[in-house]
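In what follows, every chain begins at residue 1, and chains take the letters A, B, ... in the order their sequences are listed. Note that the structure is a prediction, hence the values are computed from the model and not measured.
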Protein chains: 2
Amino acid sequence: MALDNPFYTPEMQGAYELHSLGRFELEDGGVIPDLQLAVATYGQLNEAKDNVILIPTWFSGTHQTWELVYIGPGRALDPEKYFIIVVNQIGNGLSTSPHNTDGPIAMSQFPNVRIGDDVRAQEQLLREVFGIEQLALVVGGSMGAQQTWEWAVRFPDKVLRAAPIAGTAQNTPHDFLFTQTLVDAITSDPGFNGGDYASHADVVDGLSRHADIWAVMGLSTEFWRTEFWRGIEIPDVTWDTAVEFKDRFLRSVFTALDPNSLLVQAWKWQRGDVARNTDGDLAAALGRITATMFVMPIDEDMFFPPRDCAAECEQVSGAQLRPLHSVAGHFGLFGFEPDYLESVDTILRELLETSV
Amino acid sequence: MALDNPFYTPEMQGAYELHSLGRFELEDGGVIPDLQLAVATYGQLNEAKDNVILIPTWFSGTHQTWELVYIGPGRALDPEKYFIIVVNQIGNGLSTSPHNTDGPIAMSQFPNVRIGDDVRAQEQLLREVFGIEQLALVVGGSMGAQQTWEWAVRFPDKVLRAAPIAGTAQNTPHDFLFTQTLVDAITSDPGFNGGDYASHADVVDGLSRHADIWAVMGLSTEFWRTEFWRGIEIPDVTWDTAVEFKDRFLRSVFTALDPNSLLVQAWKWQRGDVARNTDGDLAAALGRITATMFVMPIDEDMFFPPRDCAAECEQVSGAQLRPLHSVAGHFGLFGFEPDYLESVDTILRELLETSV
């Protein structure tokens, strides 16, 4: 019996369609009996089927942020020119996830999912449902960047261009440890009950601590120093201090989410590694990439720092490093800053105009 | 009745003396009926009493690290030339602390203590016990740097030279939020019992989560990327992976500590602010400083980043920024790297040789 959580509804997230891929075997050994991918599309697939942009989602995110912040007429991700497909990652709460599935994989029984599983599922979806064999661009942020890297390594013939934003091809040890603190904030809550809670609200303490760690690592020292939060506006809520912003914005975002969903995604994030395709040889994995690639770290990112992204970029033939500036750090991805969005558009436009 | 904790003993920490200051009124309104400061001294006070170096301690630390890592013949902090006094901060487990005191302020009843309280207590100690009226140098790291800044602002006539390492005069909002995650990791453990636990071992889960957050913020992305931990050696323990190092080194350090002690220090750290001396006017507070000052941030520090230290340094007349390099980030303070220690010695030597 699926858990009721209003966050994971079309009313909250905007329209999407569920596509069934049937039985789906996972790289870590588990099976999803009927994998449903939640998919949102924008624009029209042209006859040549060569105007496709694929966007995988990030940790805790859905297609909605992309729709509201990055996609639009006149933008780089222009639905009047491109057929844009945002696929919600497995476990994100809209695609098959612990709280929205019945039977043997519900809740605490949900199997481990890897970045490679998402990319294989997306490839199958594109081929079987849309008849798409090639992508003009794959672009994603954070865990979406992990999937973008995985696409470029695993299906080099299908990816013409790739733009991983604020994410790495091989997760770093620091990131692994950071993500573990997010996990432990949730699982240490007695209300979590080993994953078999009656409502996500039972885990509000753990989800709040989870949010509080995000405040430290997801944003940046500069965000807080400059009190950037004073300029952030959302309906019907105000804040006068940093702690109020943390409580009323970040806690309210994260306490609405499903704990098991976050844990499935965190496990996946921690183990993102394109070198799994090449027996652990990262250089060999990156050497497979044929896409034209712009690697786009965010300068104030506390856990996907630009130098880690640059080190990977250097190992990809012809890839270019295109750093983005955001005082918000990793959460710059939410597009608080017009300058940041303009930079993203300029860089993606240049990439899309590159002939391949 | 004081709690038994073998960490806070001369056998573990090296020799120190307890000096009683009697009844001590705190800035936040509380009172310590008989404040005992744990003090270690190195070298001899000369007749002119002008060879004194004062070192306040950092969060969770004692005089021992300074003794083992920074003080020694031929070093900048040379006990053959200077009379070096390390004063353990209030609440650090050796000086009066929640677990080592009886009566009305034991355990959960311990009052809030501020950086200014430590500095006032140290000034009283130096004057009453040692007859010292002037300091050749105050130097401290992290919370020791907070106390160093406070000394320079509060007692400008007494501080000839000052060297705050990896710490700020006014705690940043990011630091406040970071420290709060450390606090909440402990207080969320049911074994913490509102501060009235029977043994620090009852809080091992919370102390472990506390250690795990330190792994992410106390060290640096570069520390983990370069697997610097492979070169760290302690007796009778080994590690083959990053997670093993985190568990066997950091968890073993932090789970030995007293939870209430960490909380007293964290509360103090969060609210460190020299502008409390000048009605909130930071520039006015820093303008009071007459000491010759070298401000020494660590380049890879995740929460006292060099630019925050530089911004304060610029507001002190004649102060110089002398950044240190350490791959270990904030925990570079522990002196894992010979190059780091050589830099510290070179800079402190130059400072001590500056005529004032």
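Contacts of A/Phe223 with chain B are absent, with no heavy-atom separation under 4.5 Å from either backbone or side chain.
A distance of 10.0 Å separates CZ in A/Phe303 from CE in B/Met302, rounded to the nearest 0.5 Å.
Nearest heavy-atom pair, A/Phe176 versus B/Val243, reported as atom, atom and distance to 0.1 Å: CE2-CG2, 3.9 Å.
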Scan the chain B/chain A interface and emit each donor-acceptor pair under 3.5 angstrom with its distance.
from: B/His174; atom 1: NE2; to: A/Val216; atom 2: O; distance (Å): 2.8
from: B/Val216; atom 1: O; to: A/His174; atom 2: NE2; distance (Å): 2.8
from: B/Glu222; atom 1: OE2; to: A/Arg307; atom 2: NE; distance (Å): 3.3
from: B/Glu300; atom 1: OE1; to: A/Arg307; atom 2: NH2; distance (Å): 2.6
from: B/Glu300; atom 1: OE2; to: A/Arg307; atom 2: NH1; distance (Å): 2.9
from: B/Glu300; atom 1: OE2; to: A/Arg307; atom 2: NH2; distance (Å): 3.3
from: B/Arg307; atom 1: NE; to: A/Glu222; atom 2: OE2; distance (Å): 3.3
from: B/Arg307; atom 1: NH1; to: A/Glu300; atom 2: OE2; distance (Å): 2.9
from: B/Arg307; atom 1: NH2; to: A/Glu300; atom 2: OE1; distance (Å): 2.6
from: B/Arg307; atom 1: NH2; to: A/Glu300; atom 2: OE2; distance (Å): 3.3

